[in-house]
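This structure is a prediction, so every number in the text was calculated from the model and none was measured. Values below: all heavy atoms of this structure, side chains included; hydrogens, waters and symmetry mates excluded.
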Amino acid sequence: MNNLLLEVENGIAVVTINRPKYLNALNSETLAELSECLSDIEKRDDVKVLILTGSGEKSFVAGADISEMVNNDAIGGRKMALLAKAAFEKLENMRQVTIAAVNGFALGGGCEIAMACDIRVASENAKFAQPEVGLGTIPGFGGTQRLPRLVGKGRAKELIFTTDMIDAQEAYRIGLANKVVPLAELLDKCKEMAKKIMAQSSYAVSLAKAAINAGLDVDLNSGLKLEADLFGVTFATADKKEGMTAFVEKRKEKKFTDF
Ligand code: CO8
């Protein structure tokens with residue numbers, strides 16, 4: 001991989017987008033590598049949580065690579081958008097939990113890739129924006145769809161139409177960031193959260209993720225029906241037996257095995 005770094009330790013994969021010269025902007029090659037890397041990680045039983053971050057201390061991802069897009073025609077633009085769609089859908093729907101460790105600029109495609117993750121933890125210096133309409137285009141990596149789902153239609157429209165850049169605290173206030181931490185602690189805080197998640201039944205977490213994601217795309221009744229079905233599925237697992245037996249036996253230690 002030319003543009004990504006991957007480290008796996010104690011159930012956590014840290015994927016770093018590594019194009020610091022371009023503030024980690026996403027070109028087609030990086031998007032293709034990311035897609036492949038996520039497919040490989042999804043197959044691994046030894047990875048329960050994935051943390052996505054950018055290299056350096058200034059930028060998470062400064063957007064799609066404008067120097068590539070500037071010469072793209074409509075066909076090239078669509079190809080690039082589809083590469084991103086494939087990678088982002090994996091982040092959103094893979095069985096592992098995905099946490100964006102937003103360590104600086106999250107602009108355009110950078111804000112969009114963070115939104116495709118399950119959870120966003122921002123460093124104090126993080127900055128978020130959707131600058132696309134100022135470049136004569138629109139968010140093409142999911143921003144028009146995921147931003148309103150996260151912060152509401154009115155706020156999403158304001159951010160996209162004005163291209164305003166907001167800081168980490170404002171992102172937290174409107175629900176774009178789950179929490180804000182000092183930059184030096186960002187990865188540790190994400191790993192701390194990952195450990196809490198990994199202490200639960202990973203299979204149950206993955207079913208809860210699937211229920212939340214699918215439920216947001218359908219009416220409430222269909223979502224509740226899906227939840228009931230997946231709730232039922234957990235009753236066939238060893239983890240449900242272990243979790244409930246441990247409670248009844250007043251036992252703190254639990255040994256979850258399903259994934
Ligand atoms: N693409 C390519 N190169 C970039 C990008 C980018 N998005 N962002 C920064 N760089 C490069 C700069 O060109 C510069 O390179 P060089 O040293 O060769 O000149 C280097 O990174 C460092 O950047 P700056 O010197 O500009 O650093 P500053 O600290 O002065 O500014 C900013 C930092 C504010 C982040 C500034 O670089 C900036 O405004 N970048 C562009 C941000 C942006 O507009 N992002 C949105 C891009 S559009 C997008 O993401 C659309 C997604 C959907 C696309 C659908 C695809 C088909």
> Hey, is the main chain of V47 close enough, under 3.5 Å, to the side chain of Q96 for a donor-acceptor pair?
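Checked: pair present.
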> Roughly how far apart are L159 CG and L147 CG, rounded to 0.5 Å?
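If I round to the nearest 0.5 Å, the distance is 5.5 Å.
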> For S28 and K79, does a side-chain donor sit closer than 3.5 Å to a side-chain acceptor?
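Their side chains do not contain a donor-acceptor pair, so the 3.5 Å distance test is not met.
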> List the residues meeting salt bridge (charged side-chain N to carboxylate O under 4.0 Å, His left out) with K153, not counting sequence neighbours, and say none if there are none.
none
> Only counting residues at least two apart or in another chain, list the ones meeting side-chain contact (heavy atoms from CB on, under 4.5 Å) with Q200.
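Result, side-chain contact (heavy atoms from CB on, under 4.5 Å) vs Q200: V205.
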> Whether the side chain of D258 engages the backbone of Y203 through a donor-acceptor N/O pair (distance < 3.5 Å, no angle test) should be reported.
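No.
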> Look at E192 together with K196 and state whether they make a salt bridge at an N to O cut-off of under 4.0 Å.
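Answer for the salt bridge query: no.
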> Donor-acceptor pairs are to be reported for all side-chain atoms of residues 7-17 against protein atoms at under 3.5 Å, with residues two or more places apart or in another chain.
none

> When you look at CD of E57, are more than 12 heavy atoms from neighbouring residues, nucleotides or ligands closer to it than 6.0 Å?
no
> Rounded to the nearest 0.5 Å, what's the gap from CD1 on I66 to CG on N27? Could you check?
12.5 Å
> With a 4.0 Å cut-off on N to O distance, would you call K127 and D164 a salt bridge?
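No, K127 and D164 are not salt-bridged.
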> Look only at the side chain of T30 and the backbone of L26, and say whether a donor-acceptor pair between them is shorter than 3.5 Å.
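A pair under 3.5 Å: no.
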> Among all residues two or more places apart in sequence or in another chain, which pass the side-chain hydrogen bond (donor to acceptor under 3.5 Å, both in side chains) test with E249?
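E249 satisfies side-chain hydrogen bond (donor to acceptor under 3.5 Å, both in side chains) with R251 once adjacent residues are dropped.
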> List in chain and number order the residues that pass side-chain hydrogen bond (donor to acceptor under 3.5 Å, both in side chains) with N2, two or more places apart in sequence or in another chain; answer none if no residue qualifies.
E29
> Quiz question: by atom type and distance under 3.5 Å, do the side chains of S67 and D65 form a donor-acceptor pair?
yes
> In plain terms, say whether D73 and R78 are close enough for a salt bridge, that is, a side-chain N and a carboxylate O under 4.0 Å apart.
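Result for this pair is no, no salt bridge flagged.
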> If you compare all heavy atoms of A64 against all heavy atoms of M80, which two are closest, and at what distance to 0.1 Å?
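Looking at all heavy atoms of both residues, the closest pair is CB-CE, 4.2 Å.
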> Looking at every non-hydrogen atom in both residues, tell me the closest pair between A87 and L34 and how far apart they are.
CB-CD2, 4.2 Å
> Less than 3.5 Å apart, which donor and acceptor atoms pair up between the side chains of residues 172-184 and the rest of the protein, not counting sequence neighbours?
{"from": "R173", "atom 1": "NE", "to": "E170", "atom 2": "OE1", "distance (Å)": "2.8"}
{"from": "R173", "atom 1": "NH2", "to": "E170", "atom 2": "OE2", "distance (Å)": "3.1"}
{"from": "N178", "atom 1": "OD1", "to": "R120", "atom 2": "N", "distance (Å)": "3.0"}

> Measure across V49 and A194 and return the closest heavy-atom pair with its distance rounded to 0.1 Å.
CG1-CB, 3.6 Å
> Applying side-chain hydrogen bond (donor to acceptor under 3.5 Å, both in side chains), can you list everything that pairs with S123, at least two apart in sequence or on another chain?
N125
> Hey, what do you get for CD (E132) to CG (L135), rounding to the nearest 0.5 Å?
7.0 Å
> Would you find a donor on one side and an acceptor on the other, under 3.5 Å apart, between the side chain of R19 and the backbone of A25?
yes
> For the backbone of G142 and the side chain of E112, can you confirm whether one donor and one acceptor N or O come within less than 3.5 Å of each other?
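Answer holds: yes.
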> Can you name the ring-ring contact (aromatic ring centres under 6.0 Å, His included) partners of F88, sequence neighbours left out?
F141
> When you look at NZ of K240, are more than 12 heavy atoms from neighbouring residues, nucleotides or ligands closer to it than 6.0 Å?
yes
> How many angstroms lie between atom OG of S55 and atom NZ of K21, to the nearest 0.5 angstrom?
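Nearest 0.5 Å value for the OG-NZ distance: 13.0 Å.
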> Who pairs with E227 by side-chain contact (heavy atoms from CB on, under 4.5 Å), at least two apart in sequence or on another chain?
L224
> For residues V97 and I41: do they belong to one hydrophobic cluster (side chain heavy atoms under 4.5 Å, members Ile, Leu, Val, Met, Phe, Trp, Tyr)?
no
> Could you state the interatomic distance from SG (C111) to CD1 (I166), rounded to the nearest 0.5 Å?
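The distance works out to 7.5 Å.
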> Locate the shortest heavy-atom distance separating R95 from S206; write the atom from each residue and the value.
O-CB, 3.4 Å
> Which heavy atom in R146 sits nearest to a heavy atom in M115, and how many Å separate them?
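Nearest pair, atom of R146 first, then M115: CD-O, 3.7 Å.
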> Test side chain to side chain contact (heavy atoms under 4.5 Å, CB included) on L50 and L38; report intermediate values, then the result.
CA-CA 9 Å; L50 182 154; L38 296 174; 3.5 Å; yes
> May I ask you to decide if V218's main-chain N or O and S222's side chain share a donor-acceptor pair within less than 3.5 Å?
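Not at all, since once roles are kept as given, no pair shorter than 3.5 Å links the two residues.
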> Between L91 and L52, is a side chain to side chain contact (heavy atoms under 4.5 Å, CB included) present by the stated rule, with each step listed?
CA-CA 9 Å; L91 279 173; L52 180 73; 4.1 Å; yes
> Any sub-3.5 Å donor-acceptor pair from T53's side-chain atoms to A101's backbone N or O?
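Yes; at least one donor-acceptor contact below 3.5 Å.
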> Could you pull out all residues at least two apart from T98 that satisfy side-chain hydrogen bond (donor to acceptor under 3.5 Å, both in side chains)?
D118
> Do any N or O atoms from the side chain of S35 and from the backbone of L31 form a donor-acceptor pair under 3.5 angstrom?
no
> Answer yes or no: does atom CD of E242 have more than 12 heavy-atom neighbours from other residues, nucleotides or ligands under 6.0 Å?
yes
> Side chains of N18 and N24 only: does a donor on one sit below 3.5 Å from an acceptor on the other?
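No - no donor-acceptor pair under 3.5 Å links their side chains.
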> List the steps, then state whether side chain to side chain contact (heavy atoms under 4.5 Å, CB included) holds for F60 with L107.
CA-CA 9 Å; F60 170 66; L107 310 179; over 6 Å; no
> Kindly determine whether F128 and M165 satisfy side chain to side chain contact (heavy atoms under 4.5 Å, CB included), including the steps that lead there.
CA-CA 6 Å; F128 297 79; M165 195 181 282; over 6 Å; no
> Which heavy-atom pair separates L226 from A214 by the least distance, and what is that distance?
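Closest approach of L226 to A214, heavy atoms only: CD2-CB, 3.4 Å.
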> Please answer: with hydrophobic residues joined when any side-chain heavy atoms are less than 4.5 Å apart, are F256 and F259 in the same cluster?
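Different clusters.
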> Please enumerate all residues that pass side-chain contact (heavy atoms from CB on, under 4.5 Å) together with M1, with sequence neighbours excluded.
L4, L6, E33, C37
> Can you name the salt bridge (charged side-chain N to carboxylate O under 4.0 Å, His left out) partners of D229, sequence neighbours left out?
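In terms of salt bridge (charged side-chain N to carboxylate O under 4.0 Å, His left out), with neighbours along the sequence ignored, D229 is linked to K225.
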> Keeping the roles fixed (side chain from R149, backbone from Q145), state whether a donor-acceptor pair exists under 3.5 Å.
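Side chain of R149 to backbone of Q145, a donor-acceptor pair under 3.5 Å: yes, one is there.
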> Going only through I, L, V, M, F, W and Y residues with side-chain contacts under 4.5 Å, is there a path from L83 to Y22?
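Different clusters.
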> Working to the nearest 0.5 Å, report the span between OG of S201 and NZ of K48.
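Separation between the atoms: 9.0 Å.
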